[in-house]
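Keep in mind that what you see is a predicted model, and the values were worked out from it rather than measured. Computed over heavy atoms, backbone and side chain alike; hydrogens, waters and symmetry mates excluded.
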Amino acid sequence: MADVLQLNTNSLQVPGEDRSASTSPSGSPSPSRNECSITPLTPSPSPRTEVRPRVARPFSVVVAIDFGTTSSGYAFSFTEDPETIHMMRRWEGGDPGVANQKSPTCLLLTPDLRFHSFGFAARDSYHDLDPEEARHWLYFDKFKMKIHSTSDLTMETELESVSGRRVPAIEVFAHALRFFREHVLKEVKDQSSSVLEGNEVRWVITVPAVWRQPAKQFMREAAYLAGLVTPDSPDQLLIALEPEAASLYCRKLHLHQVIDLSQRPIINGLDVEGSHPFDSSDRYIVADCGGGTVDLTVHQIEQPQGTLKELYKASGGPYGAVGVDLAFEAMLCQIFGADFIESFKAKRPAAWVDLTIAFEARKRTAAPGRANSLNISLPFSFIDFYKRHRGQSVETALRKSNMNFIKWSSQGMLRLSAEAMNQLFQPTINNIIKHVDLLESGAVAASAGDNDKGSAIERREIRTTMQFGDTEIKVTAVDVATGQLVRASIDFLSN
């Protein structure tokens, strides 16, 4: 399918007994009811020409949890009807009138370290806290990549909340996974006529391709602690690579669902070649662009068995949307001073979360062709705190910063021009492009048989000169990196 994409530690040990989640103390913000609505998602199942006999299966239902850096969700299917996928669509506590397939990956713990809420409920409850009270609560968001960036990951590794308090990372992840476990079992129970035993559920947790083995084992231990499975039944839990799961999904799609139809002749909504599944000549890259990482896989479908051949090992890097958030924070530090931003995050943690949420909402509306500015609301506490801290207004700080592409609105908003938004996105985009270029150079050689194991090869720049004679053409080729002559031949008959 060339039209789709041209391919030119330390040991981890389980800690003590699991803590049972208890109710929030009196006077705490009331979390939204942990309810959700599941709607079937059936991605173009292949037409069934015959009814297949029911085969005894070890599991009755398969549940997949997409534990993301920015957002998380889950889906499940019953093994008797695996093509019908029930996917989370709406979350209690989400934005009114909006169907969200995922919930923010944020967790709220009480001052005595008990679970309070997750997702939209955690975000809204933390927002409603009194500013002074919020300093004693523990709010975690975008914490997933911490276990990847930690070089000496252990069961004692800690995570720092927005307010500065630290707790073991394994407990933060276990709280989140336990939340999903309770949600899933409730939904499965509502849609199943029979009572499911714990060992009838196969759990799948997806992780980035760039994660090292200690991080994958850490996630497994967190699942044990959360009660998804027990260490005695490790096969009941699969740790799957995110881009490989996406690639398997793409395999079930038809070409007209993948190819950019605007570049092909269309007849009755389909390309002129017709709609057919991938075949053995189709090679494709799946780029999973998430909040924390961008993961890539290169696969080819082998016929007639229909299996996937890996042309290049799964790879990626920390090039997700969080990089844009960090660029925005760096811009704020440049305007208002890094010391002020750190002080504001420590003294007004809930207001800082509100500011990041406001930026996230506007960030999603940014586009390369957009010409008008984006307005980002600054919390009143930010404006007031800056005046108390610096003795001048936010508007004065903006004027002194000499950042002409950022203006101040009298309505209390930063007006970021298209140029400003491009500057925030560009470093992350450049990292993605660079990685894809490197991947393509290795994948092309692998698919041609020059790199059977799929290992990376280095792209070489060769400068050639040709001397035309009466009967022959003399070709000289030099490796630019080494300055050494290399053998070269030119075939004028090939394309």
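Counting heavy atoms from C-beta on, the side chains of L138 and V172 never come closer than 4.5 Å. Two residues are said to be in side-chain contact when any heavy atoms from C-beta on lie closer than 4.5 Å; K216 and L241 meet this criterion. Residues M421 and R370 form no side-chain contact, since every pair of their non-hydrogen atoms from C-beta on lies 4.5 Å or further apart. Contact check for H435 versus V294: no side-chain heavy atoms found under the 4.5 Å cut-off. In this structure, F78 and V188 have side chains that are in contact, with non-hydrogen atoms separated by less than 4.5 Å. With contacts defined as side-chain heavy-atom distances shorter than 4.5 Å, the pair F359/L414 does not qualify. Proximity of V201 to F76: side-chain heavy atoms (C-beta onward) are nowhere separated by under 4.5 Å.
The backbone N or O of W137 lies less than 3.5 Å from a partner atom in the side chain of S163, making a donor-acceptor pair. With hydrogens and angles ignored, the 3.5 Å screen pairs no side-chain donor or acceptor of S72 with any backbone N or O of T105. Using a distance-only test at 3.5 Å, with no hydrogens or angles considered, no donor-acceptor pair links the side chain of R165 to the main chain of Y139. Although no hydrogens or angles enter the test, the distance criterion places a donor-acceptor pair under 3.5 Å between the side chain of S125 and the main chain of A121. Side chain of K144 to backbone of F67: a donor-acceptor contact under 3.5 angstrom is found. In terms of modelled atom types and a separation under 3.5 Å, the side chain of T150 and the main chain of K146 share a donor-acceptor contact. In terms of modelled atom types and a separation under 3.5 Å, the side chain of R123 and the main chain of P104 share no donor-acceptor contact. The backbone N or O of F405 sits less than 3.5 Å from a side-chain atom of S417, completing a donor-acceptor pair. A donor-acceptor distance shorter than 3.5 angstrom exists from the side chain of T79 to the backbone of S60, with no hydrogens or angles considered.
Rounded to the nearest 0.5 Å, atoms CE (M145) and OG1 (T70) are 10.5 Å apart. Summarising the geometry, atom OG1 belonging to T365 is positioned 4.5 Å from atom CG belonging to L374; distances are rounded to the nearest 0.5 Å. Atom CG of L109 is separated from atom CZ of R114 by 12.0 Å, given to the nearest 0.5 angstrom. For the atom pair L228 CG and R178 CZ, the distance stands at 9.5 Å (nearest 0.5 Å). The CG atom of L238 sits 10.0 Å away from atom CD of Q236, with the distance rounded to the nearest 0.5 Å. Here OG of S409 is found 12.0 Å from CD1 of I376. Values are rounded to the nearest 0.5 Å.
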Do L185 and R181 pass the side-chain contact (heavy atoms from CB on, under 4.5 Å) test, and can you show the C-alpha distance, the side-chain angles, and the key distance before you say yes or no? CA-CA 6 Å; L185 294 182; R181 175 182 177 273; 3.9 Å; yes
Give the C-alpha distance, both sets of side-chain angles, the deciding distance and a yes or no for ring-ring contact (aromatic ring centres under 6.0 Å, His included) between F179 and H183. CA-CA 6 Å; F179 167 83; H183 253 255; 4.7 Å; yes
Apply the test side-chain hydrogen bond (donor to acceptor under 3.5 Å, both in side chains) to residues T230 and D232: give CA-CA distance (whole Å), side-chain angles for both, the deciding distance (0.1 Å), then the verdict. CA-CA 5 Å; T230 65; D232 297 332; 4.6 Å; no
Can you list the steps and then say if F344 with F336 is a ring-ring contact (aromatic ring centres under 6.0 Å, His included)? CA-CA 11 Å; F344 180 73; F336 303 108; 9.7 Å; no
Please assess F382 against F340 for the test ring-ring contact (aromatic ring centres under 6.0 Å, His included), listing each intermediate value before the final yes or no. CA-CA 10 Å; F382 185 98; F340 166 76; 5.3 Å; yes
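Minimum heavy-atom separation, L177 to A226: CB-CB, 3.8 Å. Closest approach of A176 to F118, counting heavy atoms only: CB-CE1, 3.7 Å.
Look at E360 and R364 and you find a salt bridge, because one of the NZ, NE, NH1 or NH2 atoms lies within 4.0 Å of a carboxylate O, short of that distance. A salt bridge links D325 to K363: one of the charged nitrogens lies within less than 4.0 Å of a carboxylate oxygen.
T293 and D295 share a donor-acceptor pair across their side chains, judged by distance under 3.5 Å alone.
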Anything under 3.5 Å between a donor and an acceptor, one on a side chain of residues 345-352, the other on a protein residue two or more places apart or in another chain? List them.
residue : atom : partner : partner atom : Å
K345    : NZ   : E329    : OE2          : 3.0

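In the displayed structure, H127 atom NE2 is contacted under 6.0 Å by at most 12 heavy atoms of other residues, nucleotides or ligands. By the neighbour-count criterion of 12 heavy atoms within 6.0 Å, atom CZ of R388 is sparsely surrounded, having that number or fewer from other residues, nucleotides or ligands. More than 12 heavy atoms of other residues, nucleotides or ligands lie within 6.0 Å of CD in Q426, so this atom counts as buried by the packing criterion.
A search for side chain to side chain contact (heavy atoms under 4.5 Å, CB included) contacts involving S377 returns M413, not counting sequence neighbours.
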